[in-house]
Amino acid sequence: MALNVGVNVLEVDGRSSPTLQSAETSVAAIIGLTWRGVPNRPVQLTTVAQFQARFGSYLSNGYLAYALEGFFTNGGQTAYVSRVVGAGTAAGGLRLANRQTPAVGPALLVTAAYRGQADPGTWSTNLRIDIRDDPRATTQLAASTAANATSAQLHSLNGLRVGSVIRMVDGANAFSRKIAAIVSATRTVSWADSVAPVLNQATTQVNSAEFSIMVQYRPSATADFSVVEQWANQSMETDSADYCVTQVNQPFTGSQYIMLTDLSGNAPAGDQNPAIVSNQTLSGAVENAPTSVDFIGDPGAKTGLYALDTTQVQLIAIPDVHTLASAARTAVVENVLAYCAGRGDCMFVGSGPDRGTQGQLPAQTLADYTQLESDYINTIEEYSSQFLAAKVYGALYVPWIQVNDPIGSGATPVRFVPPEGVVMGVYARTDLERGIFKAPAGNDALVEGALAVSASFTDAQHTDLVRNGWVNGIRNTSGLGIVVAASRTLSTDTRWWYVNVRLLFNFVKSTLRDGLRFVRQEPNSDTLRRSVRLNVVTPFLLGLWKQGAFGSDPPAQVFSVKCDAQNNPPSEVDLGNFHLEVYFYPVKPAETIIIIVGQQPSGAAASES
């Protein structure tokens with residue numbers, strides 16, 4: 001830049017190091033069954049209304065929607081939802097015929113979809129499609145055409161452009177031609193293939209050959225149909241800005257209900273348009289229940305769990321795992337725990353099976369349950385024992401909770417659902433109000449939206465559940481309501497017992513991983529190591545210490561950062577390695593309160609008088 005005579009002030013970045021930006025801590029991901037949705041495509045949501053617009057209503061045979069509502073009700077801010085479907089699940093379709101006569105051919109294939117991606121399942125039986133003529137231009141001839149004409153003078157050129165198809169109808173004579181050139185001064189359009197007969201100026205109607213696609217939808221089999229989309233002025237010309245396939249399949253502004261495939265082939269201009277139809281249904285939809293293989297997914301294809309690979313989430317739940325048989329459910333939980341451990345930045349929030357009912361039917365009221373609480377605890381402890389290990393990136397919660405059911409029958413319908421949604425909401429609320437280091441349990445961990453719990457544990461039963469089953473109870477506490485009463489992970493190593501410890505470590509690791517990317521390709525010198533240690537990492541940890549994450553002892557006693565020549569010797573520097581070691585003491589929750597009450601001697605004393 002040019003310098004002025006006098007004083008010039010220039011701004012530079014200087015030698016300061018970037019400040020670490022705290023990683024997200026309570027973004028949830030819920031995988032499972034939905035009414036509709038593109039499978040294995042996680043969608044970021046912040047409200048239940050957004051979920052319903054994208055994935056449809058609640059399911060009587062699924063729990064995902066209830067979990068999402070519980071998450072938001074209890075303080076969750078952001079969640080990703082990923083739909084899982086069974087193998088062979090297919091989207092409904094409708095083949096629209098073109099306007100050729102007498103040999104009618106195909107024009108378009110309409111497929112249930114969302115913004116250009118197939119949206120499979122039987123939800124598409126609730127769609128209806130109408131096709132209508134919808135010309136951009138309606139005009140008349142300004143003069144009769146000549147025999148074998150390749151041009152015509154029109155009263156108006158409004159709505160016409162080069163590439164538009166016009167349809168000229170004079171009694172029994174009807175011709176469609178694609179405009180090759182326009183002379184605006186004389187309002188003349190021309191085309192390639194001649195029109196043999198003379199078209200009379202007084203009796204010929206000229207329209208452009210666009211059409212409209214109307215999409216009607218009903219959210220359930222008992223609801224009324226309503227128009228949800230109207231695609232006006234559509235064209236079958238691939239070089240037109242109105243080309244229907246491009247517009248309807250556009251990934252950002254396209255249809256939220258259908259996608260189109262052009263089947264018109266070499267049909268003549270105008271005749272390749274879909275024929276006028278009304279109230280057409282889509283057929284061929286298939287909906288197969290997902291198996292454990294579908295929930296687990298394929299890392300190469302990014303399906304199931306691996307659909308989350310590119311999303312920044314810290315909490316993962318799969319409440320619909322309880323729709324699977326016992327062995328399949330166990331396989332999914334084992335895999336999601338391994339997935340979380342492999343990522344190292346998230347944890348699984350799960351639940352145990354529901355308490356037994358008569359005939360194992362889904363429970364709506366407490367009266368539906370027949371299994372004793374003591375037997376239920378044994379069932380849960382047997383279930384959780386399959387997942388215990390020294391360090392496990394997950395936690396389990398019981399019992400199931402009763403919530404309002406938006407799709408149930410009766411005056412005030414309710415049902416019991418797995419609790420992981422509300423628990424993740426409590427995680428988020430605790431993080432927001434107290435910090436990531438606070439255990440998401442106790443008096444503050446009130447479960448909003450829960451009407452009842454499916455099992456009421458005594459103190460002894462709950463202690464047995466936590467200490468021997470490594471499962472956290474949700475309890476109806478006198479004077480408080482329904483609260484999350486414990487915060488154990490499935491880890492047997494005492495260092496990793498508590499949920500807040502796991503969350504805090506995940507947070508620190510993610511923040512360091514994302515915040516230290518600036519170190520890459522910098523000169524691996526003592527200056528860099530000192531800058532990272534003193535100017536970046538230590539201030540970050542000091543901020544956590546001030547919040548109470550490491551207890552109340554002096555900083556030097558509760559955390560340390562090592563990044564110097566000792567752990568970065570020349571042999572490692574030559575290999576391009578940069579070593580940073582961070583150690584800290586995570587604050588632990590007061591889980592067991594011990595109160596000693598006893599007698600002491602009175603203050604009376606005997607003396608001689």
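The figures here come from the full heavy-atom set of this structure, side chains too, leaving out hydrogens, waters and symmetry mates.
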Item checked: Asp309 versus Tyr339, side-chain donor and acceptor atoms under 3.5 Å -> yes

Notebook entry, point to check: Do you see a donor-acceptor pair shorter than 3.5 Å between the side chains of Gln314 and Thr25?
Noted result: no

Notebook entry, point to check: Counting N and O atoms only, with roles assigned by atom type, does the side chain of Asp464 sit under 3.5 Å from a partner on the main chain of Ala460, one being a donor and the other an acceptor?
Noted result: no

Could you give the side-chain donor-acceptor pairs of residues 538-549 under 3.5 Å, partners two or more places apart or in another chain?
{"residue": "Thr538", "atom": "OG1", "partner": "Arg533", "partner atom": "O", "Å": "2.6"}
{"residue": "Trp545", "atom": "NE1", "partner": "Asp553", "partner atom": "O", "Å": "2.7"}
{"residue": "Gln547", "atom": "NE2", "partner": "Gly543", "partner atom": "O", "Å": "3.4"}

Checklist line | Listed partners of Arg115 passing salt bridge (charged side-chain N to carboxylate O under 4.0 Å, His left out), at least two apart | finding: none

Notebook entry, point to check: Knowing that exactly one of Lys562, Glu581, His579 qualifies, which makes a side-chain hydrogen bond (donor to acceptor under 3.5 Å, both in side chains) with Asn567?
Noted result: Glu581

Check: Does the ring centre of Phe437 sit less than 6.0 Å away from the ring centre of Phe550?
Finding: no

Check: Just how far is it from atom CG of Asn500 to atom OG1 of Thr430, taken to the nearest 0.5 Å?
Finding: 10.0 Å

Next item on the list: Evaluate side chain to side chain contact (heavy atoms under 4.5 Å, CB included) for Val483 paired with Asn443, printing each intermediate quantity in order.
Entry: CA-CA 7 Å; Val483 298; Asn443 287 2; 5.9 Å; no

Check: Looking only at heavy atoms, what is the nearest atom pair of Met347 and Cys340, with distance?
Finding: C-SG, 3.7 Å

Donor-acceptor pairs are to be reported for all side-chain atoms of residues 386-393 against protein atoms at under 3.5 Å, with residues two or more places apart or in another chain.
{"residue": "Gln386", "atom": "OE1", "partner": "Thr330", "partner atom": "OG1", "Å": "3.2"}
{"residue": "Gln386", "atom": "NE2", "partner": "Tyr383", "partner atom": "O", "Å": "2.9"}
{"residue": "Tyr393", "atom": "OH", "partner": "Lys509", "partner atom": "NZ", "Å": "3.2"}

Note to self: Does either side chain, that of Asp405 or that of Tyr66, offer a donor lying less than 3.5 Å from an acceptor on the other one?
What the structure shows: yes

Note to self: Quick check for you: to the nearest 0.5 Å, what is the distance between Phe295 atom CZ and Leu324 atom CG?
What the structure shows: 5.0 Å

Checklist line | Within-4.5 Å side-chain heavy-atom neighbours: Lys302 and Thr310 | finding: no

Next item on the list: Give, for atom CZ of Phe507 and atom CG of Asp431, the distance between the pair rounded to the nearest 0.5 Å.
Entry: 8.0 Å

Check: Taking the side chain as C-beta and beyond, is there a heavy-atom pair between Pro353 and Ile380 under 4.5 Å?
Finding: yes

Item checked: Electrostatic pair Glu373:Arg475 at N-O distance under 4.0 angstrom -> no

Check: At what distance, to the nearest 0.5 angstrom, does OG1 of Thr34 lie from CG of Leu64?
Finding: 7.0 Å

Checklist line | Minimum side-chain heavy-atom gap Tyr58-Trp35 below 4.5 Å | finding: no

Next item on the list: Rounded to the nearest 0.5 Å, what's the gap from CD on Gln364 to CD on Gln402? Could you check?
Entry: 9.0 Å

Note to self: Less than 4.0 angstrom from a charged side-chain N to a carboxylate O is my criterion; do Asp119 and Arg83 meet it?
What the structure shows: yes

Check: Charged N to carboxylate O below 4.0 Å: is that the case for Lys438 and Asp444?
Finding: no

Check: Taking the six-membered ring for Trp, are the ring centroids of Phe416 and Tyr369 within less than 6.0 Å of each other?
Finding: yes

Item checked: Sole residue of Ile318, Leu68, Thr323, Leu33 in side chain to side chain contact (heavy atoms under 4.5 Å, CB included) with Tyr63 -> Thr323

